[in-house]
Amino acid sequence: MDIAYQIPRLALLWVLSSVLLVVLPHVLRLPAWITVLALACIIWRLLIFVGRANYPGKLVKAVLVMVVLPLTVVQTRAQGVGVDAAVTLLLLGVVFKLLEMQYKRDIVIVIALCYVLIMVGFIYSQTIPASLYSLMSATVITGALISLNRDNARNTFANNSRLAARIVLQAIPLTIVLFVLVPRVSPLWTMPLPVSQTRTGITDEMTPGDISSLGRSAELAFRVSFDGAAPAHQQLYWRGLVLDFFDGRTWRRAGSSFLSFNMVSRSASPSRGIGQGTPVAYDVILEPTQQTWLYALQLAELNAQDIAQDRNYTLQTSKPISQRMRYQVRSYLENQTDLELTGTQLARSLQMPEDDNNPLSLAMAQEWRATSSGDREYVQQVMSHFREEQFYYTLNPPLLSEASIDDFLFNTREGFCGHYAGTFVYLMRAAGIPARVVVGYQGGEYNRFEDYTMVYQYNAHAWAEVWFEGEGWVQFDPTGAVAPERISLGVEAVFADQPGFMEDSGFSMMRFRDYQWLNTLRLRLDALDYAWNRWVVSYDEDLQLDLMDELFGENARSGLMIALGIGTSLFFGIVAFFMLRGGRGAARDPATRLYLTLAADLAELGIPRRVGEGAGDYCRRVAMERPDLASDMEQVTRVYEQLSYASGGRQDDTELQSLLEEFRKVLRGMRLRLLSRSKRVGLTLSELGRSR
Amino acid sequence: MQQRIQAAVNEIGTVLLGKERQIRLAMCCLISGGHLLIEDLPGMGKTTLAHALARVFGLDFNRIQFTSDLLPADILGVSIFEQQSGRFTFHPGPIFRQLILADEINRTTPKTQSALLEAMEEGQVSVEGETRPLPSPFFVIATQNPGSLAGTFPLPESQLDRFLMRIGIGYPDPRAERKLLESDHDRSRGAKVQQLMTVADLIEMRSLAATITLSPLLLDYVQRLIARTRDSDEVHFGLSPRGSIAVVRAAKTWAFMEGRQHAVPEDVQAVLPAVVEHRLRAATDAEGRTGTALAQRLLSEVDVF
């Protein structure tokens, strides 16, 4: 390739559009001045293209760089050194290069950088639409490359796009093979990913009233697929955090409960938690929360190095979750935890606000405890109080006064799950029973298309756990006493008509769930997205080895290598087959095919036809080596030559057909005699059938 | 007709012993209407072959010995002022014959070479502004010594291309040589060759050879051969269309001489080395000595089907 060659004009348009395409996805993320600059550079290059402007002089270029560098530094100081700053520099490099793009060498650099920018795009977004967009960009960039290297006569837009599309489509099978089979190694370094400031999901403190703000959001929290059947809706309590410190208004985590221990050490001290029955195994894909806790059903067990379990059996990570995260868990729905409480634990689960100003509730609790025969009976009494008195479950509870518990129990009696859970735990502690608040999600929507459960932000929930002597922690949900259908049917059934439910979701498809087909569409789209995340985005070393385990059993790693070898050679074999066949395909007329089967038979007799040996020469050689075959061979060859070389393509079809028929007859006769004469086993009657 | 061809071949064989293949190739070249280049060492029978061919067909024969001081006018002829008539009269040169033996063509200067080669291509000569047709048929047998000998001007590719075939004669095999030694050898033996055919016969054969059938399968084979010379990295220049036409034309004549109405791959293979050797040159070769090997490779690597 002549590197200094002038750029074909069409190629320039292709390159400008590819630059535009790869810059677009970054526009929203990067500061506005970069977008403006990029557009200006593209337009300037277009003006040069149409002859309205000149290439920038040295001074202009120097000034541009001098102005842009400080701006980038300022941006870096504001956002920290990270991917964003690097992407900014790369983008600026590309758009500036446009301005000095005069020769083929320059355009090749720009095209290479465009490919890099596509990869950079994947750092930010790995969704299906983003991937399709990248595929389209790749096609356009490939088109630019084609247009750059094609001679002028065939360098048309239609030609180039067709070829580019073909190249990209042909690359897809190979991409799939390589994606599935190339050994995955954990990255050698971790990318400082851009951390979004907006955190979603439940927080680590609960002031009665704020979980209801999640009720207004229809965003996805996480998706779960169960091995086997999913548990019943009322069993789906996704534990997130345990809140055991109450200051009179707000529930918080008490100090650090982070005495992490892994599964091995827990099984060594079984008194901590004992699972009974068969565990439920499931697989969670959590949307980024920017928080450090995960969600799981009761008494979870998992094997993951970067996830620890604290002594409240909640799952914690060391870094905020800024990307979709996938983890596999087993949970024992029937379990027994903490038969004995340590001193700290006991103190924490009995803690009361220091300046407690809820005398009415406190008195009521103590009176009820005194009259009841045991802790269990007392709990039942509290539950039936919620069930039988006029309590309401609502998304829009009234504000509570300073004495929040008293106000709620005796005055407003309208509340969301946080109110009930908080008040319930307060009443337990007031009566001297250890108890704590658990926040997380309850329920989920089942998607039958991919067999998984979707849990949304509006599924956020708070409930309680009470500790009994000799029983350990037992889960109670006072909300279930107030509004049983919240637990059995889901929050949507209760709040569908309430103002405010999902009102932050804007024009969400969730709001049209009453239309059957729209709802189906929504579920299908979500299922597609789920499958994509589960099998493509989160395809890592473990998943790869699992897959190989299924295919090869014991030796998964060598199996992977073999599969990779076979996969790639199969792909290239097919390509080679079509390439080589293209040149020779026409030569294989029926007569020649038949003749070659005879040659193959003779080769087995030890007289193979040589490359470049014509029928006549071959016949003479066969006749010399096997005089017994001479007459047959001569006849076959005579007819074959007649058929292949004497026709000249002029004879009409019937004449050719009758000749072909004669050839078949002669050939069959010869092969039959061959069969009877030779002691060869290979030539069977079925083989003879081929000549028919 | 085939018997007569065989008879002619045998007749020439009485003076050029044991070289039936070379004789047939030369006759094939003559019947195809192309010119022949014989490249071999001195004394191998080049002149004998040319002589015998001319006599068998009853052609008007002349021999031009090319030397380094030969001028175009020495071949083509000159106009000389005649005092009796007071006019310039054209004295035709030795080229105005039906068969020319251009001996040692590479010993003369390029200027004279191209004068002859132009005549070969055009079938006419232009002398002093007047165009004079050459006799028909017009057939040139040029001989040349291998290029490495001293005092030679190698023919450029463009002029080599005008010869339909290039053949070598080679040493006789021991039996033929013994016979040669036993016989009473002298130059006049060539004169004993009988005339077996006429110019009319030659023209008839030419037209008959043109009617030989070429099947699509055969043309595919020829095209694969040609394509190989053009694709291959080993070959400096691929065959020109003139080269591929030459292959087909010679193959047709060969098939006719074999007594067939259609050409088969063996015909192509029989003539291919003679037709393409002098047109091919290996990419690594500056001297042009590798054509033979390339032609053999071509035949053994490109399949017939």
Side-chain angles (χ1 to χ4, degrees), chain A residues 579-603 607-624 633-653 655-656 659-660 663 667, chain B residues 21 208-232 238 247-273 275-276 292-305:
Chain A
M579 278 172 75
L580 296 179
R581 193 171 149 272
R584 301 289 304 272
R588 294 273 183 257
D589 57 300
T592 304
R593 269 207 307 275
L594 288 174
Y595 181 78
L596 288 180
T597 58
L598 174 70
D601 286 348
L602 289 170
I607 325 171
R609 193 181 67 83
R610 297 188 186 122
V611 173
E613 191 170 32
D617 285 344
Y618 186 44
C619 168
R620 281 183 278 284
R621 202 155 56 82
V622 170
M624 209 148 74
M633 193 65 195
E634 270 155 23
Q635 197 191 2
V636 168
T637 307
R638 190 182 50 76
V639 182
Y640 174 69
E641 287 193 341
Q642 191 70 22
L643 198 57
S644 297
Y645 297 113
S647 66
R650 281 193 301 271
Q651 268 96 338
D652 52 70
D653 276 356
E655 200 169 333
L656 250 173
L659 254 178
L660 197 60
F663 182 55
L667 194 71
Chain B
R21 183 175 183 80
L208 282 174
T211 63
I212 296 293
T213 304
L214 293 173
S215 77
L217 201 65
L218 184 88
L219 288 177
D220 283 345
Y221 175 52
V222 173
Q223 281 196 298
R224 279 202 299 280
L225 286 169
I226 308 291
R228 176 62 75 94
T229 69
R230 294 175 186 166
D231 296 342
S232 168
V247 171
V248 169
R249 199 164 67 165
K252 274 174 151 180
T253 311
W254 193 268
F256 165 75
M257 288 168 67
E258 293 284 318
R260 262 183 268 104
Q261 265 310 302
H262 55 269
V264 297
E266 281 81 357
D267 299 326
V268 177
Q269 292 171 347
V271 298
L272 188 88
V275 176
V276 304
T292 314
L294 284 177
Q296 288 306 325
R297 291 275 295 280
L298 212 56
L299 288 181
S300 61
E301 281 177 5
V302 177
D303 204 356
V304 176
F305 302 111

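Labels below follow one simple rule: chain letters A, B, ... track the order of the sequence lines, proteins then strands, and each chain is numbered from 1.
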Tightest non-hydrogen contact, residues A:Y645 and B:V304, listed as OH-CG1, 3.7 Å

Side chain, backbone, both or neither: which part of B:L299 has a heavy atom under 4.5 Å from chain A? backbone

Nearest heavy-atom neighbours spanning A:V611 and B:E301: CG1-O, 3.5 Å

Does anything in residues 260-269 of chain B get under 4.5 Å of chain A by heavy atoms, and if so which residues? B:H262, B:A263, B:V264, B:P265, B:E266, B:Q269

Can you name the closest pair of heavy atoms from B:D303 and A:E613 and give their distance? OD1-N, 4.4 Å

